[in-house]
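Working notes for the structure below.
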2 protein chains.
Amino acid sequence: MVLPVRKNKSPNTPHECPLSQCMAILGGAWTPNVLWYLSGGPRRFSELQIDIPPVSAKVLTTRLRDLESKGVVSRNVKPTSPPSVEYALTDLGQELIPVIEAIVEVGHKIKLRTE
Amino acid sequence: MVLPVRKNKSPNTPHECPLSQCMAILGGAWTPNVLWYLSGGPRRFSELQIDIPPVSAKVLTTRLRDLESKGVVSRNVKPTSPPSVEYALTDLGQELIPVIEAIVEVGHKIKLRTE
DNA sequence: CTGTATCCTGTAGGATACTG
DNA sequence: CAGTATCCTACAGGATACAG
């Protein structure tokens, strides 16, 4: 995404420009998908990889760590052998589900118009 | 954002992975901001530039054209001199407002936790 | 005023190989 | 299984200059 690093500009008029929030949460590629699949209940790393085939392990890890640090997703390591790690939405994460659904909704309508 | 162009992979299992919708709509940088400021009513190009100082003219144009092609934003050229162009949300675009607000909401909560 | 055209750069993300 | 480590590239977006 790259973004908000303008060089020769006055520091943003603060009054209200709170929308970087949006990309801060959903910004990464595949992030919405991760959230979506986790909304169906806890998933293990490998399960998510199967759910979202085109995502690389590296990116999936990155996104999960990212969401974890934001308190949107929880990570639970089960000390089995072989180890298994379960990811789940936190309460905060749950709140994002209707949001994503709404976006998908609008997305559908857009597709219908375009076709 | 770059994205979804995996090379050596089976073409996505179609069953459900509808979330690219999400980024397809809100994906571009500043897109949420554009939508946000338009939610307050129609705005002219230059007004949007002032609303969102760190955005370059090029990107603003790109995002607006993008949103226009999706039917989310309307573009109205007034044949005055100097010319003025008014952008506004379409009905479809209106539907995105609560979505964005919800994201901002969650964004706030995340910030509170982080601090 | 409302853009386009160019050129350039940073960084997200892919591929692949390897580890506990 | 669940990742890390490297390396590499495509493309979104910034800067600047110019046009109708």
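The figures here come from the full heavy-atom set of this structure, side chains too, leaving out hydrogens, waters and symmetry mates. Chain identifiers are assigned alphabetically (A, B, ...) following the order of the sequence lines, protein sequences preceding nucleic acid strands; residue numbering begins at 1 within each chain. As the structure is a prediction and not an experimental result, all values here were calculated from the model.
Every residue meeting the side-chain hydrogen bond (donor to acceptor under 3.5 Å, both in side chains) condition with A/Arg75, not counting sequence neighbours, appears here in chain and number order: A/Tyr87. Contacts of B/Arg63 classified as side chain to side chain contact (heavy atoms under 4.5 Å, CB included), with partners at least two apart in sequence or in another chain: B/Thr31, B/Val59, B/Asp66. With sequence neighbours excluded, no residue satisfies salt bridge (charged side-chain N to carboxylate O under 4.0 Å, His left out) with B/Glu68. For A/Glu95, the side-chain hydrogen bond (donor to acceptor under 3.5 Å, both in side chains) partners at least two apart in sequence or on another chain are B/Lys109. Residues that satisfy the side chain to side chain contact (heavy atoms under 4.5 Å, CB included) test with A/Thr62, not counting sequence neighbours, are A/Lys58. In this structure, B/Ser81 has no side chain to side chain contact (heavy atoms under 4.5 Å, CB included) partners at least two apart in sequence or on a different chain. Under the rule for a salt bridge (charged side-chain N to carboxylate O under 4.0 Å, His left out), B/Glu105 has no partner lying at least two apart in sequence or in another chain.
Near DNA chain D, defined here as any heavy-atom distance below 4.0 Å, the residues from residues 58-69 of chain B are B/Lys58, B/Val59, B/Arg63, listed numerically. Scanning residues 73-84 of chain B for heavy-atom distances under 4.0 Å to DNA chain C yields B/Arg75, B/Pro82, B/Pro83, B/Ser84.
One interatomic measurement links the two molecules: CZ of B/Arg43 to P of C/dG3, which rounds to 15 Å at whole-angstrom precision. Atom-to-atom, CD of B/Gln49 to P of C/dG3 comes out at 9 Å; the value is rounded to the nearest Å. As a whole-Å value, the separation of B/Ile52 CD1 from D/dG13 C1' is 14 Å. As a whole-Å value, the separation of A/Leu26 CG from C/dA12 P is 16 Å. Rounded to whole angstrom, the span from the OH atom of B/Tyr87 across to the P atom of C/dC1 amounts to 14 Å. Going from atom CZ of A/Arg44 over to atom C1' of D/dG3 covers 13 Å, rounded to whole Å.
If you check D/dG14, C/dG3, D/dA2 against the side chain of A/Ser46, the one that comes closest is D/dA2.
Residue pairs that meet the salt bridge (charged side-chain N to carboxylate O under 4.0 Å, His left out) test with at least one member in residues 26-44 of chain B, sequence neighbours left out, are B/Arg43-B/Glu47, B/Arg43-B/Asp51. For residues 20-35 of chain A, there are no salt bridge (charged side-chain N to carboxylate O under 4.0 Å, His left out) pairs, not counting sequence neighbours.
With rounding to the nearest 0.5 angstrom, the CD1 atom of A/Ile25 is 6.5 Å from the CD1 atom of B/Ile103.
At its two ends the helix from C/dC1-D/dG20 to C/dG20-D/dC1 runs along axes set 60° apart, each axis drawn from five pairs and the angle rounded to 10°.
Not one N or O on the side chain of B/Ser74 forms a donor-acceptor pair closer than 3.5 Å with the backbone of B/Thr90.
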